[in-house]
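Following: one structure in structure tokens, then a few remarks.
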Amino acid sequence: MNTETYQRARRPEQKLERRDAILSAARELALRDGVRAVSLADIAARVGIHKSALLRYFETREQIFLELTAEAWRGWVAALHAELDEAAPGSAALVADVFARSFGDRPLLCDLIAHTPLNLERNVSPEAVRRYKVTSLAAVDEAAAVAARVLPELTLAECGEFVAALASLAGAVWQIANPVPALAELYASDPALARACVDLTPRLRRTAEILLAGMIPSRAASR
């Protein structure tokens, strides 16, 4: 049954369908307008329900996006498996490239990563944060294990450091790489500002190469 055919979801399957519709609406709006610009009222209007009805399914706007972030982490780690599970061991360049593209191909994940510690975890219940953290930390751990299989000279802990650092950077650099239209026009019009806007995937790839190259030499310094 389509969500438009009933005003209030009562049966379990209707409630699940309505919940999925809310998440889908938030995802579409965030991809179009950016996470920062999407309000609870925008999501409710997209679904075709009142804002008060939406709050029967989610605590806050932030919880909606926190759930989308968890979903995006799961899709991200599945993509890493698809590209690296059959890869021959030993290629740091391949790992750097795959990880860089895994973020570059997922603008919503990058946008959400930047907002998670700043906003999304700050207006939800501790239980909602706990559920999210379980998923996100598991994704980072799984990604570290994928990298460690291809790079056996690195420890699992070192691969975990690499993944966490690159993920944090992806969130920050994505914001720089995607300025609002007025700023993008400004940067394009003034050669002195050309460096203000960067290309996300090449920047992440280069940084990933540097991080991986420095892991083994940094062991002595850390000791």
Side-chain angles (χ1 to χ4, degrees), residues 27 30-31 34-35 65-118 120 132-179 184 187 194-223:
R27 185 187 304 108
L31 281 168
V35 172
F65 284 115
L66 205 59
E67 294 216 11
L68 287 179
T69 314
E71 176 188 276
W73 278 120
R74 289 190 289 266
W76 170 77
V77 80
L80 293 177
H81 278 293
E83 291 221 43
L84 291 175
D85 278 356
E86 302 302 321
S91 178
L94 175 63
V95 171
D97 178 63
V98 170
F99 271 82
R101 286 188 291 103
S102 74
F103 289 111
D105 292 344
R106 288 168 177 77
L108 181 56
L109 173 60
C110 293
D111 196 8
L112 287 165
I113 288 172
H115 287 284
T116 298
L118 291 174
L120 303 185
Y132 166 73
K133 287 296 189 184
V134 167
T135 298
S136 61
L137 292 174
V140 169
D141 288 346
E142 191 172 345
V146 171
R149 191 199 65 77
V150 183
L151 302 173
E153 67 273 20
L154 298 182
T155 68
L156 184 59
E158 288 168 338
C159 288
E161 290 180 288
F162 161 72
V163 174
L166 200 65
S168 297
L169 187 65
V173 175
W174 189 90
Q175 303 297 328
I176 300 169
N178 292 274
Y187 300 154
R195 292 177 296 167
C197 189
V198 302
D199 195 349
L200 177 64
T201 300
R203 176 63 63 88
L204 290 180
R205 184 183 296 111
R206 176 60 177 154
T207 304
E209 291 170 350
I210 294 169
L211 287 171
L212 291 172
M215 284 292 177
I216 292 175
S218 70
R219 288 176 187 167
S222 65
R223 293 194 188 104

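In this structure, CD in Glu71 is found 12.5 Å from OH in Tyr132, a value given to the nearest 0.5 Å. Note that the CG atom of Leu112 and the CD atom of Glu67 stand 12.0 Å from one another [nearest 0.5 Å]. In this structure, the separation between OG1 on Thr116 and NZ on Lys133 is 7.5 Å, given to the nearest 0.5 Å. Rounding to the nearest 0.5 Å gives a distance of 4.5 Å between CG of Leu31 and CG of Leu108. How far CG of Asp141 is from CG of Leu137: 6.5 Å, rounded to the nearest 0.5 Å.
When all heavy atoms of Cys110 and Ala170 are compared, the closest pair comes out as CB-O, 3.9 Å. Shortest non-hydrogen contact noted between Cys197 and Tyr187 is CB-CD1, 3.9 Å. Counting all heavy atoms, side chain and backbone alike, Ala143 lies closest to Val77 at N-CG2, 3.8 Å. Taking all atoms of both residues into account, the shortest heavy-atom contact from Ala87 to Val150 is CB-CG2, 4.4 Å. The two residues Gly104 and Pro107 have their closest heavy-atom pair at O-CD, 4.3 Å.
Trp76 is linked by a ring pair (Phe, Tyr, Trp, His ring centres under 6.0 Å) to Trp73, Phe103, counting only residues two or more places apart in sequence or in another chain.
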Tabulate below the donor-acceptor pairs under 3.5 Å that side-chain atoms of residues 199-217 make, not counting sequence neighbours, or state none.
unit_1: Arg205; atom_1: NE; unit_2: Asp97; atom_2: OD1; d: 2.9
unit_1: Arg205; atom_1: NH2; unit_2: Asp97; atom_2: OD1; d: 3.1
unit_1: Thr207; atom_1: OG1; unit_2: Arg203; atom_2: O; d: 2.9

Listed pairs under 3.5 Å, donor-acceptor, residues 158-167 side chains, sequence neighbours left out:
unit_1: Glu158; atom_1: OE1; unit_2: Thr155; atom_2: N; d: 2.9
unit_1: Glu158; atom_1: OE1; unit_2: Thr155; atom_2: OG1; d: 3.4
unit_1: Glu158; atom_1: OE1; unit_2: Arg219; atom_2: NE; d: 3.4
unit_1: Glu158; atom_1: OE1; unit_2: Arg219; atom_2: NH2; d: 2.8
unit_1: Glu158; atom_1: OE2; unit_2: Arg219; atom_2: NE; d: 2.5

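Counting only distance, with no hydrogens or angles, the side chain of Arg106 and the backbone of Ser102 share a donor-acceptor pair below 3.5 Å. Judged by distance alone, the side chain of Asp111 and the main-chain N or O of Gly34 form no donor-acceptor pair under 3.5 Å. One N or O on the side chain of Arg149 and one on the backbone of Leu84 form a donor-acceptor pair closer than 3.5 Å.
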